[in-house]
Amino acid sequence: MATTAGVVLAGGRSRRMGSPKADLEWHGSTLLARTVGVLVRGADGPVVVVRSPGQALPSLPAGVEVVEDPQEGRGPLQGLAVGLAAVPADVAFACSTDLPFLHPVFVRRVLAALIGDVEVVLPHAHGFRQPLAAAYATSLAPAAAALVADGSAAPKLLLDRSRTLVLDDAALLEDAGLRAADPDLRS
């Protein structure tokens with residue numbers, strides 16, 4: 001069985017918010033701490049947080065590794081490349097920090113679908129593709145880095161060049177545990 005890990009993309013300028021999303025309070029904690037905690041419970045391996053160069057982060061649980069984007073402003077694809085390269089696992093659930101309703105069962109459901117020659121499991125929930133709440137083979141790190149070097153910032157090009165399994169609402173909810181824990185797919 002493949003080893004799994006978590007990658008949280010915490011960088012980003014948060015221009016519209018006015019302050020970093022990772023620092024936003026959520027029920028007595030921060031969005032970043034909550035997301036990290038969900039990934040700790042959803043994956044069986046380590047969790048890595050990718051931050052912008054020099055970005056201060058709120059307190060994180062022991063054992064969570066923080067890695068830094070080499071250059072600010074290169075978009076989520078760079079964060080994904082850095083995070084996938086940093087985790088010592090075969091597969092990683094990669095997500096943004098601003099998913100307050102993410103559930104460990106959702107993480108496990110998406111990770112479990114990455115089998116065989118599939119390289120990406122892409123939820124397509126409520127009619128929207130969710131590349132920042134998806135499972136990626138960590139072997140895609142060099143391909144993601146090459147796309148960034150060519151000027152790409154969005155994960156779409158990586159998805160288009162990978163063997164991607166798309167899970168729509170019905171496919172996601174085939175999992176009884178997810179149906180019970182998150183029937184509305186708020187994750």
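None of Val120, Val91, Asp90 except one satisfies the side chain to side chain contact (heavy atoms under 4.5 Å, CB included) rule with Leu114; the exception is Val91.
A single hydrophobic cluster is not seen to contain both Val110 and Leu140; linkage of ILVMFWY side chains at heavy-atom distances under 4.5 Å, directly or through other members, places them apart. The hydrophobic clustering, which links ILVMFWY residues whose side-chain heavy atoms are closer than 4.5 Å, places Leu173 and Val166 apart. Put simply, Leu77 and Val50 are part of two different groups of oily side chains (I, L, V, M, F, W, Y) that touch within less than 4.5 Å, one to the next. Val121 and Ile115 end up in different hydrophobic clusters when Ile, Leu, Val, Met, Phe, Trp and Tyr side chains are linked at under 4.5 Å. Criterion: ILVMFWY side-chain heavy atoms under 4.5 Å apart, direct or through other members. Under it, Leu165 and Leu158 are not part of a common hydrophobic cluster.
Leu39 and Gly6 get closest at one heavy-atom pair: CD1-CA, 3.8 Å. Nearest heavy-atom pair across Val67 and Ala86 is CG1-CB, 3.9 Å. Taking each heavy atom of Ser96 and Thr35 in turn, the nearest pair found is O-CG2, 3.8 Å. The nearest pair of heavy atoms linking Leu147 to Arg161 is CD2-NH1, 3.1 Å. The shortest non-hydrogen separation linking Ser52 to Gly11 is OG-CA, 3.3 Å. Between Pro104 and Val38, the closest heavy-atom pair is N-CG1, 3.6 Å.
Side-chain contact between Phe106 and Leu172: present, with at least one pair of heavy atoms (C-beta onward) separated by less than 4.5 Å. In this structure, Ser162 and Tyr136 have side chains that are not in contact, with every pair of non-hydrogen atoms separated by 4.5 Å or more. Contact annotation: the side chain of Pro100 approaches that of Leu31 to within less than 4.5 Å [non-hydrogen atoms, C-beta and beyond]. The side-chain heavy atoms of Val118 and Arg163, taken from C-beta on, include no pair separated by under 4.5 Å.
Leu102 CG to Arg41 CZ: the interatomic distance, rounded to the nearest 0.5 Å, is 9.0 Å. A distance of 4.0 Å separates CG in Asp69 from CD in Gln78, rounded to the nearest 0.5 Å. The distance from atom CD of Glu65 to atom CG of Leu60, rounded to the nearest 0.5 Å, is 11.5 Å.
Around the CZ atom of Arg186, the shell of radius 6.0 Å holds no more than 12 heavy atoms that belong to other residues, nucleotides or ligands.
In the model, Asp150 has no side-chain atom that pairs as donor or acceptor with a side-chain atom of Ser152 under 3.5 Å.
Formation of a donor-acceptor pair under 3.5 Å by the Thr4 side chain with backbone atoms of Asp44 is found in this model.
Under the side-chain contact (heavy atoms from CB on, under 4.5 Å) criterion, Ala81 pairs with Ala144, Ala145, sequence neighbours left out. Checked against side-chain contact (heavy atoms from CB on, under 4.5 Å), Val105 has the following partners two or more places apart in sequence or in another chain: His103, Arg108, Asp175, Leu178, Ala181. Not counting sequence neighbours, the partners of Asp160 by the salt bridge (charged side-chain N to carboxylate O under 4.0 Å, His left out) test are Lys156. With sequence neighbours left out, the salt bridge (charged side-chain N to carboxylate O under 4.0 Å, His left out) criterion links Arg51 to Glu68. For Val87, the side-chain contact (heavy atoms from CB on, under 4.5 Å) partners are Ala5, Val7, Val48, Ala92, Thr138, not counting sequence neighbours. Among residues two or more places apart in sequence or in another chain, the salt bridge (charged side-chain N to carboxylate O under 4.0 Å, His left out) test is passed with Asp184 by none.
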